[in-house]
Number of protein chains: 2
Amino acid sequence: MSEHPQAKAERRPTRQRAALADELAGAAEFRSAQDIHASLTASGARVGLATVYRNLQAMAGDGEVDVIRTADGEAIYRACATDQHHHHVVCRACGLTVEVTGDAVERWAEAVAAQHGFSDVRHTLEIDGLCADCAARR
Amino acid sequence: MSEHPQAKAERRPTRQRAALADELAGAAEFRSAQDIHASLTASGARVGLATVYRNLQAMAGDGEVDVIRTADGEAIYRACATDQHHHHVVCRACGLTVEVTGDAVERWAEAVAAQHGFSDVRHTLEIDGLCADCAARR
DNA sequence: TTATGTGCAAAGGGTTTGCACTCCG
DNA sequence: CGGAGTGCAAACCCTTTGCACATAA
């Protein structure tokens, strides 16, 4: 094993990293690296796209941000509200995101996998729908 | 609504489509479009990569094949064993895939989403681990 | 000073598309 | 014949990398 799930890496604090952290802290939805970079640039923060990618990647590795993939393969990031394992319910229309935990599901996944002889089980689960607001304005 | 989940599209039967269907039928694991194309080529079937992509996409749209994304954003496909909603348990080492259904999870997802005001709920769930064989040969 | 972090721009890699050609119906 | 289906290669797009420069410790 060479992976450290919640390993706290000691990265050197820099202006661009702070700006990125800020940007993430201010957003409630998942956003693409490009989107974040654009926002940063618009705000006057001079940060390179590569830097955004590199930091996002590092933070994801340390579990500081969640990463999920859109249907078309684009990675979107979001600051974790909690540091424990959780899943998301995302609004397809506006991107509103709610984090949820589900012990029942975790156990189910584990059990089902074990039932088929699998070990060292992990899983990905994303739920999407229409949030109350978006559903109402239809 | 413009999506037809299991809509049966009437595509014109062609040599390449047949080859692709064959290739998919013979595989038990998820494979990338490129991989499938290589296999097809190796078998002597002259099929263009673009055609593989186009058909795979069409079939996925009609629910004839399952599509999931690898962690690095690559799409991998597999012929569905069943036409009803299901999930997968995939071996990280060899790709062995088992399809499973889980009413409990379906209901849980629906309930959790509803609890937060979401409607028209959908979800994605993939489970991965090490199959018995691969775990043994470590 | 020295290793780490950053910017820029070029390179990568998977997927999509334009266009002319082929083949089913 | 007419249009769906194909092949090829160029175009796309997100992401990664190489390398020289800036900066935290």
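Below, read A as the first sequence line, B as the second, and so on, with proteins coming before strands; counting in each chain starts at 1. Basis for what follows: all heavy atoms, side chains included, without hydrogens, waters or symmetry-related copies.
Distance A:Glu74 CD to D:dC14 P: 6 Å, rounded to the nearest Å. One interatomic measurement links the two molecules: CD1 of A:Ile76 to C1' of D:dC13, which rounds to 16 Å at whole-angstrom precision. Regarding A:His37, its NE2 atom lies at a distance of 17 Å from the P atom of D:dC13, rounded to whole Å. Here D:dG5 presents its P atom at 14 Å from CG of B:Leu20, a figure rounded to the nearest Å. Rounded to an integer number of Å, the gap from CZ of B:Arg12 to P of D:dT6 is 9 Å. The separation between B:Leu56 atom CG and D:dT6 atom P is 12 Å, rounded to whole Å. Nucleotide D:dT15 holds its P atom 9 Å from the CG atom of A:Leu49, rounded to whole Å. Whole-Å rounding puts the A:Asn55 CG to D:dT15 C1' distance at 15 Å.
Residues A:Arg46 and B:Pro13 each lie close to DNA chain C; by heavy-atom proximity, the contact nearer the 5' end of the strand is made by A:Arg46.
A:Val65 places a side-chain heavy atom less than 4.5 Å from the side chain of A:Leu24. Looking at A:Leu130 and A:Arg92, their side chains come closer than 4.5 Å, going by heavy atoms from C-beta outward. By the 4.5 Å heavy-atom criterion applied to side chains, B:Thr70 and B:Phe30 are not counted as neighbours. You'll find the side chain of B:Glu110 stays beyond 4.5 Å of the side chain of B:His123, heavy atoms only.
Boundaries of the chain B contact region on DNA chain C are C:dG14 to C:dG25, first to last in 5' to 3' order (nucleotide atom under 4.0 Å from a heavy atom).
Heavy atoms of B:Asp72 sit nowhere under 4.0 angstrom from any nucleic acid atom. When heavy atoms are screened at a 4.0 angstrom cut-off, B:Gln57 is found touching the sugar-phosphate backbone but no base atom.
Close to D:dG5, at under 4.0 Å from its OP1 or OP2, lies no side-chain N or O of B:Gln16. For B:Arg54 and D:dG5, the shortest distance from a side-chain N or O to OP1 or OP2 is not below 4.0 Å. OP1 or OP2 of D:dT6 has at least one side-chain nitrogen or oxygen of B:Thr14 nearer than 4.0 Å.
Between A:Tyr77 and the choices A:Asp35, A:Val52, A:Leu56, the side chain to side chain contact (heavy atoms under 4.5 Å, CB included) rule is met once, by A:Leu56.
With A:His87 contributing its side chain and A:Leu125 its backbone, the two residues share a donor-acceptor pair below 3.5 Å.
Contact check on B:Glu23 versus B:Arg31 returns a salt bridge, with a Lys/Arg side-chain nitrogen under 4.0 Å from an Asp/Glu carboxylate oxygen. Comment: B:Glu99 engages B:Arg78 in a salt bridge, judged by a side-chain N to carboxylate O separation of less than 4.0 angstrom. In summary, B:Glu64 and B:Arg11 engage in a salt bridge, as defined by a charged side-chain N under 4.0 Å from a carboxylate O.
In the helix from C:dT1-D:dA25 to C:dG25-D:dC1, the end axes, each obtained as the rotation axis mapping the C1' atoms of four pairs onto the next four within a five-pair block, lie 30° apart to the nearest 10 degrees.
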